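Here is how names work: the chains are called A, B, and so on, in the same order as the sequence lines, proteins then strands, and each is numbered from 1. What you see is a predicted model, and the numbers here were worked out from it, not measured in a lab.
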There are 2 protein chains.
Amino acid sequence: MFTIGQVSEQFNIPVSTLRYYDKEGLFPYMERQSGIRRFSETEIEALRVIECLKASGLEIKEIKQFMQWCVEGSATYPQRRQLFEKRRAAVEQEIARLQKALSLLKFKCWYYDAAVKEGSEERVSKMLPDKLPPEIQKLYDEGRQ
Amino acid sequence: MFTIGQVSEQFNIPVSTLRYYDKEGLFPYMERQSGIRRFSETEIEALRVIECLKASGLEIKEIKQFMQWCVEGSATYPQRRQLFEKRRAAVEQEIARLQKALSLLKFKCWYYDAAVKEGSEERVSKMLPDKLPPEIQKLYDEGRQ
DNA sequence: ATATCACCTAAAGCTGGCTTTAGGCCAAGA
DNA sequence: TCTTGGCCTAAAGCCAGCTTTAGGTGATAT
């Protein structure tokens with residue numbers, strides 16, 4: 001059992017944010033001891049799921065919906081399964097998007113590295129759009145698909 | 001040369017957003033023809049960089065800063081290089097974060113798949129936290145680091 | 001006894017990134 | 001001729017996700 005301050009420290013999440021999550025209904029099982037929140041293993045587990053769903057791009061109210069499904073029991077297994085499948089697809093897409101951005105960023109690092117070394121981007125800019133060294137050409141092309 | 005409407009369609013970005021970017025100074029070289037914006041290859045290129053930097057988590061005003069550096073010429077190569085290096089690191093970190101979330105999501109898909117099939121999460125929840133099938137155990141462990 | 005600390009609430013405030021609104025210009029087609 | 005469509009501006013509005021503020025409680029340390 002933990003206090004809000006301990007959880008805040010453990011997860012590096014502000015106390016105000018934990019209170020906000022609670023107010024939004026993300027800890028449906030949370031108990032209190034004379035007004036003070038008690039975070040049990042259930043809430044710690046919930047917090048891990050919250051962080052995961054939030055990273056996946058889900059909004060707070062949809063996370064609340066999920067928590068409600070948990071309270072409703074086995075009848076909502078299909079909804080919960082579907083939710084995780086959708087979030088999985090969303091995260092896979094987002095990773096792909098970031099990987100594309102990463103390629104362009106790597107290309108730009110190479111480009112400005114050369115520009116700094118040569119004092120000018122002239123030579124290197126003349127290699128665009130398809131006369132770049134193979135490795136770099138790949139990054140450049142990936143970055144603009 | 002493109003009109004704002006054509007660029008909007010090509011990039012699937014609302015016209016209002018393109019005007020907003022322009023107002024925020026993200027297209028320092030943009031020209032006008034009797035008041036109407038003309039998007040040249042320069043602006044198309046800029047837009048790709050904007051999308052990339054935005055994906056990397058950069059704020060609009062910092063993107064504007066970058067565009068200003070471009071206008072200032074070769075003296076700002078080092079700043080630009082440093083910016084791209086930092087964004088690269090940030091994106092790599094973000095991908096790692098998403099990969100962790102993805103592991104937990106995959107685990108949850110497996111979990112609820114079993115729960116749906118068996119009509120109960122009882123059996124499967126008893127395998128926690130370290131009696132899961134090897135493949136799944138890996139996902140579960142990755143998901144909570 | 002008093003001050004400090006960690007907790008509590010309700011409500012207001014903030015921020016970034018757009019989007020919407022209200023009003024206007026100009027060119028082409030019916 | 002008139003109306004439709006695409007362009008323009010400035011300014012107001014919107015939203016999620018917090019964070020801050022103002023005011024309060026109760027336990028422990030000096």
Within-4.5 Å side-chain heavy-atom neighbours: B:Glu31 and B:Glu43
no

With respect to the phosphate group of C:dT9, does any side-chain polar atom (N or O) of A:Arg32 fall under 4.0 Å of OP1 or OP2?
yes

Could you tell me whether the phosphate oxygens of C:dT9, OP1 or OP2, come under 4.0 Å of any side-chain nitrogen or oxygen in A:Lys23?
no

Per atom distances to the A:Pro14 side chain, the nearest of D:dC7, D:dT19, D:dG17 is D:dT19

Phosphate oxygens OP1/OP2 of D:dG17: is one of them under 4.0 Å from a side-chain N or O of A:Thr17?
no

Round to the nearest Å and state the distance from A:Ile36 atom CD1 to D:dT25 atom C1'.
9 Å

Which part of the nucleic acid does A:Glu24 contact within heavy-atom distance under 4.0 Å: base, sugar-phosphate only, or nothing?
nothing

Interatomic distance where CD belongs to B:Glu59 and P belongs to C:dC18 [whole Å]:
11 Å

Report the relative orientation of the aromatic rings in B:Phe66 and A:Tyr112; use parallel for angles under 30°, tilted for 30 to 60°, perpendicular for over 60°.
perpendicular

Of the listed nucleotides (C:dC18, C:dC8, D:dC7), which one gets closest to any side-chain atom of B:Ile4?
D:dC7

Looking only at the side chain of A:Tyr21 (C-beta and beyond, no hydrogens), which of the listed nucleotides D:dC18, C:dT9, D:dT20 gets closest?
D:dC18

Establish whether A:Leu26 and A:Ile36 are linked, either directly or via other cluster members, by ILVMFWY side-chain heavy-atom contacts under 4.5 Å.
no

Spacing between B:Glu51 atom CD and C:dC18 atom C1', to the nearest angstrom
14 Å

Figure out the CG/C1' separation between A:Leu58 and D:dG17, and round it to whole Å.
14 Å

Proximity of B:Tyr29 and B:Phe39 rings by center, below 6.0 Å
no

Could you tell me whether the phosphate oxygens of C:dC18, OP1 or OP2, come under 4.0 Å of any side-chain nitrogen or oxygen in B:Lys54?
yes

Taking atom P of C:dC8 as reference, at what distance in whole Å does atom CZ of A:Arg19 sit?
5 Å

Using a heavy-atom cut-off of 4.0 Å across all strands, would you classify A:Thr3 as base, sugar-phosphate, or nothing?
sugar-phosphate

Whole-Å distance separating the CD1 atom of A:Ile13 from the P atom of D:dC18:
9 Å

Looking at the side chain of A:Lys61, which of C:dG17, D:dC7, D:dA16 is the nearest nucleotide?
D:dA16

Just wondering, are more than 12 heavy atoms of other shown residues or ligands nearer than 6.0 Å to CD in B:Gln68?
yes

A:Asp141-A:Gln137 side chain donor-acceptor pair, cut-off 3.5 Å:
yes

What is the distance, rounded to the nearest whole Å, between atom CZ of B:Phe2 and atom P of D:dC7?
14 Å

Checking all strands, does A:Arg37 fall into the base, sugar-phosphate, or nothing category for heavy-atom contacts under 4.0 angstrom?
sugar-phosphate

In whole Å, what is the span from the CD atom of B:Gln33 to the C1' atom of C:dC25?
15 Å

Of the listed C:dG16, D:dC7, D:dT19, the closest approach to the A:Ser16 side chain comes from D:dT19

As a test of reading the structure: which of C:dG17, D:dT19, D:dC7 is closest to the side chain of A:Tyr20, going by heavy atoms?
D:dT19

